[in-house]
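Order of listing sets the numbers, starting from 1, for every ligand and every atom in it.
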Amino acid sequence: MDDDAGALPPKHQFSEWYNDILWRAEIMDVRYPVKGTYVWYPYGFAFRKHVYQRLRDLLDRDHQEALFPLLIPEQEFMKESEHIKGFEDEVYWVTHGGTTPLDVKLALRPTSETAIYPMYALWVRSHADLPIRIYQIVNTFRYETKHTRPLIRLREITSFKEAHTVHATWDEAQAQVEDAIVRYREFYDGLCIPTLVSRRPDWDKFPGADYTIAVDTIMPDGKTLQIGTVHHLGDHFSKTFEIKYEDINGEQQYAYQTCYGISERSIAALISLHGDDKGLVFMPAVAPIQIIVVPITIGKRHEDVIASAQSLEVALRKAGFRTKLDTRETRPGAKYYWWELRGVPLRLELGPRDIDAGTVVAVKRTGGKVILNRADINSGVACVLAEISDAMRAKAEEHTKSRLCTASSINALIAVLNEGKVAVVHWCGERVCGDAIEEKTNASVLGTEVRSPYVSDIEGACIICGKLGKVTLIGWAY
Ligand code: P5A
Ligand code: ZN
């Protein structure tokens, strides 16, 4: 990549910063000639792999991974009326095989309910078959008409991590919803992404769901990004697709279902929340390179320093750290800039004097320098990496706290939004009041039943009608 194409815009110009950092740090190439689709560079792909492995680990505890086809026959896709209404404008259709028109049009999955559930109808026979918990990580296609944006609003979501579960009762499905929320929070918490979990208003729930719980995070510009959703599907789909089981009394019952998903918006959140004016800042846990070793080879001890740096790098790699030695023939300063831009959390500098002293200079991407002893370098490095994660968590939490503000009148609400914040208000839950809020602010009612350490759940007067209302988040959403 061309490093001389001007400087990275400052982070407070968030939109410019975001678009720029993706190609500068070699996460995504946005020049692919199909709107809403982008190319993962190897470095970005390595990052994504580490992030998704954590989600796999969380799901693998009691889910099974499977794989369903990309193509969905029209008649299956059209079965659930709410679901069709929600997605009909977003579906890509395959209509031809070569030059031959197909007898049955095939949808490219925008999500996989209608691919998976006809098969669940075949698989579920008795209560002993339940629960089923399956996930897949696949690409999905949505013909998005709003402004597309890399990792945020895609027409090809390249890594849709969707789970689909089947249960005997509504309550068991609800318990699964709760479990999925806990798991998603654990996923994001482990990545130092603060979350706001709330129940979406009815008009904004997933097409075909009883209710939707959404996970949002507040981006650097104060807009919210939905980074995951969990849906209780009730028995809507099981009735449509005839997913029935025989209960202990030998009677046929419709099953209850849930589904939940996370896309590459999780990557967008990581890049956006943790990055700074110098570029990316990767969480050590998911950094493709955790430690960059830079030899400082001034003067005649060149060979000596390189050899020592090599043995340091090998030792760290053996200890399980993801490390790289930068022996390129460029100035140390240029190397620092290069790896800072690319988000490597820890840099180890090693020069002749360090070799003599048996030390290494450790520079944290989050700021600050420490001298580590070569003799116990593994524990020293582990300790510094933990400090880096802590600093990242503190910074992200501070950001989120500072971007939340209560408002008890519509004017106060507008003022809060204009400051680039997410508002915490009271809303009675009536559609008319919800519509009034959205019309007057141009913002969205994100949800009620808010779960966040920063938001209290005490009821109060609806900011429109004054009746008793629940705590509700209002924000400008991506
Ligand atoms: C849950 C998984 C579903 O599709 N079916 C299976 C359910 N839910 S959803 O809310 O429609 O999508 C899940 C999450 O995917 C993200 N997302 C997107 N990310 C990038 N580009 C898009 N065009 C896009 N559309 C949805 C959101 O984070 C959403 O919560
Ligand atoms: Zn009201």
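The residue from His231, His164, Gln176, Glu162 that alone fulfils the side-chain hydrogen bond (donor to acceptor under 3.5 Å, both in side chains) condition with Tyr260 is Gln176. Of the residues Lys11, Arg365, Lys395, the one that meets the side-chain hydrogen bond (donor to acceptor under 3.5 Å, both in side chains) test with Asp276 is Arg365. Arg200 pairs with exactly one of Thr212, Thr229, Asp216 by the side-chain hydrogen bond (donor to acceptor under 3.5 Å, both in side chains) rule, that one being Asp216.
Between Phe47 and Phe282, a ring centre-to-centre spacing shorter than 6.0 Å is recorded. Residues His232 and Tyr256 place their aromatic rings such that the two centres sit no closer than 6.0 Å.
Counted by atom type alone, Arg149 and Asn19 present zero donor-acceptor pairs between their side chains at under 3.5 Å.
Using a 4.0 Å heavy-atom criterion, the residues that approach ligand 1 are Thr111, Glu113, Arg142, Glu144, Ile152, Arg153, Leu154, Ile157, Phe160, Glu162, His164, Phe206, Gln226, Ile227, Gly228, Thr229, His231, Cys259, Tyr260, Gly261, Ser263, Arg265.
Protein nitrogen, oxygen and sulfur atoms, that is N, O or S, within less than 2.8 Å of the Zn ion (ligand 2) amount to 4.
Glu186 and Arg183 are not joined by a salt bridge, as no carboxylate oxygen comes within less than 4.0 angstrom of a charged side-chain nitrogen. With respect to Arg393 and Asp189, a salt bridge is recorded, a charged nitrogen being found less than 4.0 Å from a carboxylate O.
Applying the 6.0 Å contact sphere to CG of Leu122 captures more than 12 heavy atoms from other residues, nucleotides or ligands.
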